[in-house]
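Computed from heavy atoms alone, side chains included, the values below leave out hydrogens, waters and symmetry copies. One-based numbering along the sequence shown. Ligands are counted one by one from 1 in listed order, and the atoms in each one are counted from 1 as well.
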Amino acid sequence: MYQNSLEYAQKCDAQDPLKKFRDAFHFPKDSFGNPQIYLCGNSLGLQPKKTATYLQEELKDWAELGVEGHTEAKHPWMPYHEFLTQSMANIVGAKPEEVVIMNGLTANLHFMMVSFYQPTPKRYKIIIEKDAFPSDKYAVESQLKFHGFDPKEGLLLWEPPQGEELCRLEDLEQLLEKHQDEVALLMIGNTNYYTGQWYPIKEITQLGHQHGCKVGFDLAHGVGNILPKLHENGPDFAVWCTYKYLNSGPGSLGGVFVHERHAQNKDLNRFAGWWGHNKSTRFNMRQEFDVIPGAEGWQLSNPPILSMAAIRASLDLFEEAGMENLRKKSLQLTGYLEFLLNELQDDRIEVITPKNPEARGCQLSIQVKNADKNLHQKLTEAGVISDWREPDVIRVAPAPLYNSFEDVFEFVERLKKTL
Ligand SMILES: *Cc1c(COP(=O)(O)O)cnc(C)c1O
């Protein structure tokens, strides 16, 4: 069905119902002023053109209103995070009460573990996937240590079979059986940043819960990419950042999901702050902590409005495009990339991402035998912005919101020349 030609790629673009969104973004240019082929939205999403306007609006309100902006700004700062909640909830498939934007990703992971990693002397182990993102690994290791456990014993890795790259559910089940009654938490990065594998959220959650564990996901590479359906699939918590597929700018705030079943539980351990306190009495100042039900109750600080303005600019685009539509296009776009890579018929190339489209997001991780970082350098010189992971993997992530079929076609042409 796919065809290996520029005409075909352009025809797909012409028929793409989401094609107008490409124009809503700034594309980095090479030294000759030509737009680059940007396939790095898994690392840092592009800047929406309207982000500047959203930021200017807050700067203007701050200049003209000073502290009054908390209540009088066009988008008042006091409840500002609420303007992000509905569209964020739509993207991750959650109820609004289950979602809040706050802090950085790794900080949120720690705050979630304060509540959902409550080890006992017997049940204290944490399972993560092998090749987890380093920050996640450091976070869980340090939590183990914080509670007085040795990470060498307390940290269990869900590993792929020998010689393979992808994890299998049956191995996770075996690991849980082997450490029966010892595992307190399953914390999985989804999708995996290296292989692009989308682990089944529902099945993992069920498995974890059957074995008496809490289950959380790090959706840094999943949010705005896959359809995690968090409420329905039922994990206890999830965390993510907004600067990758969600295009909200370098180091922007992260997001948190806490399942409804924990919304009213005031007895959960948590590290509290005044922004998690009852909104109607927050400014009376002298009261006992009165936690807000739901995810908002985990907030600590009054948030950086400029970062939230950038998030709002991007979420407005997602809201307009619709996550289901984006996923639909993503399946076609990444399918086209896979097709063209196969057409190369080059034995040096192997895609390590799952072939099953339901087990991956938009990213394909291309392993190139005997390649080194030089290859990536050459691709960059050829105007392709992709991402290199040692030892030999190029990660490319066609983002359905702004990438085109022509981008994908051009990328493979340039890769072919570079090889
Ligand atoms: C990008 C990423 C991070 C980065 O963490 P920050 O706290 O935002 O710096 C952590 N974990 C995963 C899985 C990531 O993909």
*Would you call Arg22 and Asp407 a salt bridge, using N to O less than 4.0 angstrom?*
yes
*Cationic tip of Arg395 within the cone over Trp388's six-membered ring, i.e. under 6.0 Å and within 45° of the normal?*
no
*If you have a sec, work out which protein heavy atom is nearest atom 12 (C) of ligand 1 and how many Å separate them, to one decimal?*
Phe133 CG, 3.3 Å
*For atom 8 (O) of ligand 1, which protein heavy atom lies nearest, and how many Å away is it?*
Tyr243 OH, 2.5 Å
Contacts table for residues 148-159: side-chain donor-acceptor under 3.5 angstrom, sequence neighbours left out:
{"residue": "Asp150", "atom": "OD1", "partner": "Lys152", "partner atom": "N", "Å": "2.9"}
{"residue": "Trp158", "atom": "NE1", "partner": "Arg168", "partner atom": "O", "Å": "2.9"}

*asked:* Taking the ring of His147 and the ring of Tyr117, is the distance between their centroids below 6.0 Å?
replied: yes
Under 4.0 Å from a heavy atom of [X]: give me the atoms of ligand 1 that qualify, with their elements.
{"X": "Lys244", "result": "1 (C), 2 (C), 3 (C), 14 (C), 15 (O)"}
{"X": "His221", "result": "15 (O)"}
{"X": "Thr106", "result": "5 (O), 6 (P), 7 (O)"}
{"X": "Ala220", "result": "2 (C), 12 (C), 13 (C), 14 (C), 15 (O)"}

*Output all residues satisfying ring-ring contact (aromatic ring centres under 6.0 Å, His included) with Tyr2, sequence neighbours left out; order by chain, then residue number.*
Tyr336, Phe339
*Would you check the N or O atoms of Asp136, main chain and side chain alike, for any that come under 3.5 Å of an N or O of ligand 1?*
yes
*Hey, what's the ring geometry for Trp77 with His70, parallel, tilted or perpendicular (30° and 60° as the breaks)?*
perpendicular
*Of the side chain and backbone of Asp218, name the one, both, or neither that has a heavy atom under 4.0 Å from an atom of ligand 1.*
side chain
